[in-house]
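A note on names: the letters A, B, ... follow the listed sequences, proteins ahead of strands, and every chain is numbered from 1.
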Protein chains: 2
Amino acid sequence: MILPQKSIERLSRYRRILLNNLEKGKEHIYSHELASQLHFTPVQVRRDIMLIGYTGTQRKGYVIKELIDRIGEILDGESHTNAIIIGMGNLGKAITSYFNGKRTNIEIAAAFDTDEQKINRVISNVRCYHISKIKEKMDELDISVAIMTLAPEAAQEVADQLVLNGIKGILNFTSIPLNIPEHIYVEDYDMVTSMEKVAYFVNHNE
Amino acid sequence: MILPQKSIERLSRYRRILLNNLEKGKEHIYSHELASQLHFTPVQVRRDIMLIGYTGTQRKGYVIKELIDRIGEILDGESHTNAIIIGMGNLGKAITSYFNGKRTNIEIAAAFDTDEQKINRVISNVRCYHISKIKEKMDELDISVAIMTLAPEAAQEVADQLVLNGIKGILNFTSIPLNIPEHIYVEDYDMVTSMEKVAYFVNHNE
DNA sequence: TAAACATTGTTAAAAATATAACAGTGTTGT
DNA sequence: ACAACACTGTTATATTTTTAACAATGTTTA
Ligand SMILES: NC(=O)c1ccc[n+]([C@@H]2O[C@H](COP(=O)([O-])OP(=O)(O)OC[C@H]3O[C@@H](n4cnc5c(N)ncnc54)[C@H](O)[C@@H]3O)[C@@H](O)[C@H]2O)c1
Ligand SMILES: NC(=O)c1ccc[n+]([C@@H]2O[C@H](COP(=O)([O-])OP(=O)(O)OC[C@H]3O[C@@H](n4cnc5c(N)ncnc54)[C@H](O)[C@@H]3O)[C@@H](O)[C@H]2O)c1
C-alpha cells in the first residue's frame with residue numbers, strides 16, 4: 001500500500017502525540033483530541049486513520065496503543081532503518097541528541113566528521129568516525145539513509161561517496177542543491193524557507 | 001496578492017539558488033537550470049515565476065538580478081521582519097549562525113535563555129538575554145516572529161508569554177504541540193518526521 | 001426500551017496543486 | 001529573408017489533497 005506523502009507526514013506526527021498521551025496514562029483518544037493537539041481537523045485525522053485500515057471503537061475513540069502499533073506497521077514496515085549523520089557540528093549534535101530521545105524504528109548508527117577533535121568521541125551514544133571510514137562503516141552497518149549536516153563546501157563531494165556506496169535516501173540540511181541520481185530519495189530542509197514562509201503569512205494576514 | 005503556500009516555499013528556494021548563481025558570476029538562468037538544481041520541473045518554475053508577474057527574456061531565460069528583486073518584493077514586502085530566538089542550545093546556535101550567513105530580510109535581533117552562562121554572550125552577532133527580559137526586548141525591537149529552540153518542558157509557558165506580548169508568528173522546533181490562539185501563524189518542524197518520511201519512501205520504492 | 005446522542009467510517013464534492021499542451025516570439029543559421 | 005529552433009507564458013487538464021456531508025452504530029439517559 002502506498003499512501004499520500006502528506007498522510008505519511010501526519011502519521012508520524014500522530015505517533016509522537018500518541019506516545020505522549022500514552023505516557024500520561026491515557027488509553028483512548030478521540031479524533032478531535034488528536035486533531036486539536038496538532039492543529040489539524042478531526043475529519044482529516046479520521047480519514048488518515050481510515051487509510052491505514054485501523055478502526056476505533058464507537059464513542060470511545062481510538063485505542064492509543066493499538067493505533068501506535070498500526071502506524072508503526074505502516075511507517076516502519078518490518079525493517080529497522082540504519083542511518084548515519086555527517087558533520088558533528090552544532091546542528092549535527094542537536095539532531096543526534098534529539099533523535100536518541102525518540103522511540104523510533106530508525107537509528108543513527110554512526111557519525112562522521114573531519115575534525116580530529118571529534119573523531120572517536122561518542123555523542124549521545126553515537127560514535128564519530130573520520131569521513132575516510134565511511135565506506136567501511138556503511139557496509140558494516142547496512143546503512144540506507146544519511147543525514148547531511150556538514151560544511152556546505154564538502155557536501156557534494158560527500159554526497160558522491162554516499163551514492164557510490166549505495167545510499168538510498170538523504171535528508172539534506174546543507175542548503176546547497178545536491179546533484180544526486182533520480183532514484184535516490186532526497187529530502188531537503190532549510191529553515192530560512194520556513195522563516196520566510198512564516199514572515200510572508202504573518203505580513204499578509206491582513 | 002496572495003500566493004499558494006507551496007509557491008511561497010519554492011520562491012524562497014529559488015532565491016537561494018539565484019543568489020548562489022549570481023555569486024558565481026552568472027547573469028541569466030533558464031527555467032530548466034533552476035529546476036534541475038532543486039529537483040523541480042521547468043514548468044513549475046515558469047508557472048511560479050508567472051504568478052509573481054515577472055517575465056524573462058526569450059531564449060536567454062531570466063535575468064537573475066531582476067528575478068531576485070522581484071521575489072524579494074513578494075516575500076519580503078516592504079517590511080523588514082525582526083525575529084527572536086528562544087533557547088541558545090545546540091540547535092539555537094546552529095540556526096542563529098546559519099541565519100546570519102544568509103542575505104534575507106529577516107533578522108534575528110535577540111536571543112533568550114535561562115542558563116546564566118549564556119546570558120549576555122554574543123553568538124553570531126546576536127546578544128543573548130535572560131528570558132525575563134523578553135517583554136522589554138520584544139517591545140523595544142518590534143518583534144513579530146519567534147523561533148523556539150528551547151527545552152520542551154518550558155515551551156508552553158514561554159509560548160504563552162509570546163502570545164501575551166503580541167507575537168504574530170512562531171517557528172516551533174520543540175516538537176511539543178503548542179496551545180496557541182488560531183490567529184497566530186505557527187509552523188512546526190520536526191526532523192523525526194522528515195526522517196520517517198525518507199525511510200518510508202526508501203522502503204517503498206518498489 | 002426507545003429516543004437522543006456522540007462519535008466513527010465512508011462516500012461525495014471542493015479546493016489546491018502539479019502537469020501537460022501548445023501558442024507566441026525573439027534568435028540563429030543558412 | 002525565412003525556416004528551424006529554443007525558449008517563455010498561458011491556458012487547459014489531471015492529480016492530489018482537503019473538506020464536507022451524512023450514514024452507521026454503539027452508548028447513555030430517561
Ligand atoms: N537547513 C537548515 O535549516 C540549516 C540550519 C543550520 C545549519 N545548516 C547547515 O548545516 C551545516 C552544519 O551547520 P553547523 O552549524 O552544525 O556548522 P558547524 O561548522 O558547526 O559544523 C560543520 C561540521 O562539518 C564538519 N565537516 C566539514 N567538512 C567535512 C567533511 N568533508 N566530512 C565530514 N564532516 C565535515 C566540520 O568539521 C564541522 O564539525 C552547514 O552546512 C549549515 O549551512 C542548515
Ligand atoms: N524539531 C527538531 O527537528 C529538533 C531537532 C533537535 C532538537 N529539537 C528540540 O529543540 C530544543 C533544543 O534542542 P537542543 O539540542 O538545542 O537542546 P539544548 O539542551 O542544547 O538547548 C536547550 C536550551 O534551552 C534553554 N532553556 C531552557 N529553559 C528555557 C526557558 N524557560 N527559556 C529560555 N531558554 C530555556 C536551555 O538553557 C538550553 O540552552 C529541544 O526542545 C529539542 O527537543 C528539535
Side-chain angles (χ1 to χ4, degrees), chain A residues 1-14 18 21 26-68 70-71 74 182 187-188 193 197 200-201 204-205, chain B residues 1-14 18 21 26-68 70-71 74 182 187 193 197 200-201 204:
Chain A
M1 174 179 28
I2 191 89
L3 295 164
Q5 295 228 4
K6 286 296 165 64
S7 295
I8 295 296
E9 282 174 29
R10 284 192 299 267
L11 287 169
S12 166
R13 310 278 303 273
Y14 298 151
L18 290 168
N21 281 268
K26 220 164 169 337
E27 293 188 358
H28 293 82
I29 197 167
Y30 297 125
S31 60
H32 65 258
E33 292 178 294
L34 206 37
S36 83
Q37 295 191 47
L38 288 161
H39 305 116
F40 298 160
T41 67
V43 197
Q44 195 161 49
V45 170
R46 293 208 300 279
R47 214 166 183 301
D48 285 332
I49 290 175
M50 186 192 90
L51 285 178
I52 63 173
Y54 176 72
T55 117
T57 60
Q58 237 103 11
R59 203 145 175 148
K60 286 206 168 170
Y62 303 99
V63 179
I64 294 183
K65 216 181 251 172
E66 289 177 6
L67 182 49
I68 289 172
R70 182 66 191 131
I71 293 177
I74 301 291
E182 279 284 314
E187 170 97 2
D188 293 303
T193 295
K197 194 171 147 196
Y200 178 83
F201 286 107
H204 285 74
N205 72 343
Chain B
M1 174 180 27
I2 191 90
L3 295 163
Q5 294 229 4
K6 285 297 163 65
S7 294
I8 296 297
E9 282 174 31
R10 283 193 299 267
L11 286 169
S12 166
R13 310 280 303 274
Y14 297 151
L18 290 167
N21 281 268
K26 220 165 167 343
E27 292 188 358
H28 293 83
I29 196 166
Y30 298 124
S31 60
H32 65 260
E33 292 177 295
L34 205 38
S36 84
Q37 294 189 49
L38 287 161
H39 306 115
F40 298 160
T41 66
V43 196
Q44 195 160 51
V45 171
R46 293 208 301 276
R47 214 164 183 301
D48 285 332
I49 290 174
M50 186 193 92
L51 284 178
I52 64 174
Y54 176 74
T55 117
T57 60
Q58 237 104 11
R59 204 145 174 147
K60 285 206 167 169
Y62 303 99
V63 179
I64 294 183
K65 217 181 253 174
E66 289 177 6
L67 182 49
I68 289 172
R70 182 67 189 129
I71 293 178
I74 300 290
E182 280 284 314
E187 171 98 1
T193 295
K197 193 170 149 198
Y200 179 83
F201 287 106
H204 285 76

J.: Does a side-chain N or O of B/Thr55 approach OP1 or OP2 of D/dT8 to a distance below 4.0 Å, or not?
T.: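 Checking D/dT8 against B/Thr55, no side-chain N or O comes under 4.0 Å of OP1 or OP2.
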J.: Whole angstroms only, please: what is the CD1-P distance between B/Ile49 and D/dT8?
T.: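 These atoms are roughly 8 Å apart.
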J.: Between atom NE2 in A/His28 and atom C1' in D/dG26, what is the gap in whole Å?
T.: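 In whole Å, D/dG26 C1' lies 13 Å from A/His28 NE2.
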J.: What integer distance in Å separates B/Lys6:NZ from D/dT15:C1'?
T.: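 For the pair B/Lys6 NZ and D/dT15 C1', the rounded distance is 13 Å.
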J.: Can you check each nucleotide of nucleotides 19-30 of chain C against protein heavy atoms at under 4.0 Å and return B for base, S for sugar-phosphate only, - for none, in 5' to 3' order?
T.: BB---BBBB---
J.: Once you apply a heavy-atom cut-off of 4.0 Å, does B/Ser31 come out as touching a base, just sugar-phosphate, or nothing?
T.: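 Sugar-phosphate: the residue B/Ser31, judged by heavy atoms under 4.0 Å, touches backbone atoms but no base.
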J.: Taking atom C1' of D/dT17 as reference, at what distance in whole Å does atom CZ of A/Phe40 sit?
T.: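 Atom CZ in A/Phe40 sits about 13 Å away from atom C1' in D/dT17.
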J.: Quick check for you: among C/dT8, C/dT17, D/dT11, whose closest atom lies nearest to any side-chain atom of A/Tyr30?
T.: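 Between C/dT8, C/dT17, D/dT11, the one nearest the side chain of A/Tyr30 would be C/dT8.
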J.: Are any of the side-chain heavy atoms of A/Glu33 and A/Asn21 separated by less than 4.5 Å?
T.: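 Contact flag for A/Glu33/A/Asn21 side chains = no.
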J.: Please check if atom CD in B/Glu27 has more than 12 non-hydrogen atoms from other residues, nucleotides or ligands closer than 6.0 Å.
T.: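 At most 12 heavy atoms, drawn from other residues, nucleotides or ligands, come within 6.0 Å of this atom.
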J.: When you look at NZ of A/Lys60, are more than 12 heavy atoms from neighbouring residues, nucleotides or ligands closer to it than 6.0 Å?
T.: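 No, because the 6.0 Å sphere around NZ of A/Lys60 holds 12 heavy atoms or fewer from other groups.
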J.: Please check this pair: side chain of B/Arg70 against backbone of B/Ile52, looking for a donor-acceptor N/O pair closer than 3.5 Å.
T.: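 Side chain of B/Arg70 to backbone of B/Ile52, a donor-acceptor pair under 3.5 Å: yes, one is there.
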